[in-house]
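Encoded as structure tokens, the structure appears first; notes follow it.
Note: hydrogens, waters and symmetry copies are ignored here, and every other heavy atom, side chains too, is used.
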Amino acid sequence: MYNKKLALYKPSLILTLVWVLLNFTIYPLRARSHSVALNSNSPANSFSKSDTQSAETDLDFDGDGRPDQITTAGGRLYFLPPNATEQESFDDVGRPPKRTSGGSRGLCSDQLIAIVPGSSEIVEATGNCSNDSKSFLALTLAESPTFWFYVPKQSTPELTVEFVLLDQNQHSLLEETIRLSGTPGIVRVPLSKPLETDQVYRWQFSVVVNRRRSGNPKVEGLVKRIIPDSTLSSKLKAATSPRERIAVYASHGIWHDAMTALAELRYQKPDDLRLERDWQDFLGSVGLRAIAVKPLVDCCTAQGVGSRE
């Protein structure tokens with residue numbers, strides 16, 4: 001009798017054991033699969049997907065869509081050109097100005113170069129350097145901004161250079177003759193005349209090789225002083241370090257102020273590796289990485305030996 005009952009229950013017992021074994025086998029696999037799906041969207045996994053994502057947060061103080069710490073990888077510092085409306089005035093002042101003097105027989109970077117945004121990259125290469133890079137309009141908030149130039153090696157250590165400021169009608173507003181020493185290198189020329197706001201000025205910078213001015217290496221550019229709007233003003237006020245302030249200038253297309261502030265930091269901390277990277281990235285973003293390795297010549301509070309207004 002007992003054996004008959006066992007025979008009746010045997011199929012049920014077998015089915016029960018099979019069901020238990022299947023659940024013990026399948027559940028861990030399903031659980032592991034579910035866990036992997038969740039982890040694929042976790043912050044840790046997103047960070048590990050690419051080592052090019054920045055560990056620093058873009059600083060957008062007022063939510064206007066322009067990050068103020070210009071970042072791609074690791075908080076890199078780049079210049080963003082101004083809005084198209086600011087560049088429109090470029091076409092209103094005659095022929096495009098030259099960012100490079102041209103005519104270099106050696107490296108294309110070994111020519112007189114205006115350190116402003118321009119139309120093409122200056123490369124460390126030899127060959128035909130006659131294709132001049134054109135200068136773009138550069139903005140400033142400063143009443144009397146500083147201009148920066150790379151002056152290559154010349155035949156004499158003591159140089160005479162000329163800086164000329166013109167209005168939109170090409171009338172000369174300022175002519176200065178300046179003595180420089182310590183070149184080759186990157187030099188600065190502070191403007192001795194205040195700029196009016198919302199006016200486009202053309203400037204010319206040349207190395208005096210020939211007193212008749214023919215054949216002198218010359219570069220040109222455009223500058224415009226603007227008044228910061230409330231958004232830019234609040235961002236500059238909220239910046240807590242010189243680097244953040246530079247990033248605000250750079251993200252809003254304020255070239256002269258960003259360039260001068262960054263160069264001043266380089267003067268103060270020449271061995272700072274982070275500033276060295278910032279300097280290379282900043283100049284590289286406007287096609288001037290080739291001259292980022294050139295020395296900053298601390299001679300450039302140059303005294304004018306003659307001026308005419």
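Of the listed residues (Thr140, Leu283, Thr146, Val116), just one forms a side-chain contact (heavy atoms from CB on, under 4.5 Å) with Met259, and that residue is Leu283.
Listed by chain and number, the residues in a salt bridge (charged side-chain N to carboxylate O under 4.0 Å, His left out) with Glu264 are Arg188 (sequence neighbours excluded). For Arg289, the side chain to side chain donor-acceptor pair (under 3.5 Å) partners two or more places apart in sequence, or in a different chain, are Asp281. Taking Thr260 as the reference, Trp148 meet the side chain to side chain donor-acceptor pair (under 3.5 Å) condition, with sequence neighbours excluded. Scored by the side-chain contact (heavy atoms from CB on, under 4.5 Å) test, Ala261 finds Ile246 as partners (sequence neighbours excluded). A search for side-chain contact (heavy atoms from CB on, under 4.5 Å) contacts involving Pro295 returns nothing, not counting sequence neighbours. The side-chain contact (heavy atoms from CB on, under 4.5 Å) search around Pro270 returns none, not counting sequence neighbours.
The shortest distance between side-chain heavy atoms of Arg245 and Val248 does not fall below 4.5 Å. The closest side-chain heavy-atom distance from Gln170 to Arg202 is below 4.5 Å. The closest side-chain heavy-atom distance from Leu195 to Leu165 is below 4.5 Å. Looking only at side-chain heavy atoms (C-beta outward), Val297 and Leu180 stay at 4.5 Å or farther from each other. At a threshold of 4.5 Å between non-hydrogen side-chain atoms, the residues Asp272 and Asp278 do not count as touching. When side chains are defined from C-beta on, Leu77 counts as touching Leu262, because their heavy atoms get closer than 4.5 Å. By the 4.5 Å heavy-atom criterion applied to side chains, Leu232 and Leu141 are counted as neighbours. The closest side-chain heavy-atom distance from Lys98 to Lys218 is not below 4.5 Å.
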Given the rule in the side chain to side chain contact (heavy atoms under 4.5 Å, CB included) test, do Leu296 and Trp279 qualify, once you have shown the distances and angles that lead to the verdict? CA-CA 11 Å; Leu296 280 166; Trp279 181 252; 4.1 Å; yes

Leu166 vs Leu173, side chain to side chain contact (heavy atoms under 4.5 Å, CB included): CA-CA, chis, key distance, verdict: CA-CA 5 Å; Leu166 307 170; Leu173 301 176; over 6 Å; no

Could you walk me through whether Glu276 and Leu273 pass side chain to side chain contact (heavy atoms under 4.5 Å, CB included), step by step? CA-CA 5 Å; Glu276 181 181 351; Leu273 295 180; 3.6 Å; yes

What's the verdict on side chain to side chain contact (heavy atoms under 4.5 Å, CB included) for Leu139 and His256, showing C-alpha distance, side-chain angles and the deciding distance? CA-CA 6 Å; Leu139 302 182; His256 285 282; over 6 Å; no

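Between atom CG of residue Leu275 and atom CZ of residue Arg243 there is a gap of 8.0 Å, rounded to the nearest 0.5 Å. Rounding to the nearest 0.5 Å gives a distance of 12.0 Å between CD1 of Ile291 and CD of Gln280. Taken from CD in Glu143 to CZ in Arg225, the straight-line distance is 5.0 Å, to the nearest 0.5 Å.
Not a single donor-acceptor pair under 3.5 Å links the side chain of Asn216 to the backbone N or O of Ser206. Side chain of Ser133 to main chain of Thr100: no donor-acceptor pair is present (N/O by atom type, distance under 3.5 Å, no hydrogens or angles). Judged by distance alone, the side chain of Asn169 and the main-chain N or O of His171 form no donor-acceptor pair under 3.5 Å. Checked by atom type and distance alone, the side chain of Ser135 never pairs as donor or acceptor with a backbone atom of Gly221 at under 3.5 Å. For Trp255 (side chain) and Ile115 (main-chain N/O), a donor-acceptor pair under 3.5 Å exists by modelled atom type. Arg99 places no side-chain N or O within donor-acceptor distance of the main-chain N or O of Phe136, the cut-off being under 3.5 Å. Side-chain atoms of Tyr78 do not come within 3.5 Å of backbone N or O of Ser251 as any donor-acceptor pair. At distances below 3.5 Å, at least one donor-acceptor pair connects side-chain atoms of Ser119 with backbone N or O atoms of Lys134. Without hydrogens or angle criteria, Tyr249 side chain to Leu236 main chain gives no donor-acceptor distance under 3.5 Å.
Closest heavy-atom contact between Tyr201 and Asp167: CD2-CA, 4.4 Å. Here the closest non-hydrogen pair linking Val209 and Pro217 is CG2-CD, 3.8 Å. When all heavy atoms of Val164 and Ser172 are compared, the pair lying nearest together is CG1-OG, 4.1 Å. Closest of all the heavy-atom pairs between Ala114 and Trp203 is CB-CH2, 3.5 Å. Pro97 approaches Glu220 most closely through the heavy-atom pair CB-CB, 3.4 Å. Closest approach of Tyr150 to Gln111, counting heavy atoms only: CD2-O, 3.5 Å.
Side-chain heavy atoms closer than 4.5 Å link hydrophobic residues (I, L, V, M, F, W, Y) into clusters, and following such links, possibly through other members, connects Tyr267 to Phe282.
Phe147 and Phe205 have their aromatic ring centers separated by at least 6.0 angstrom.
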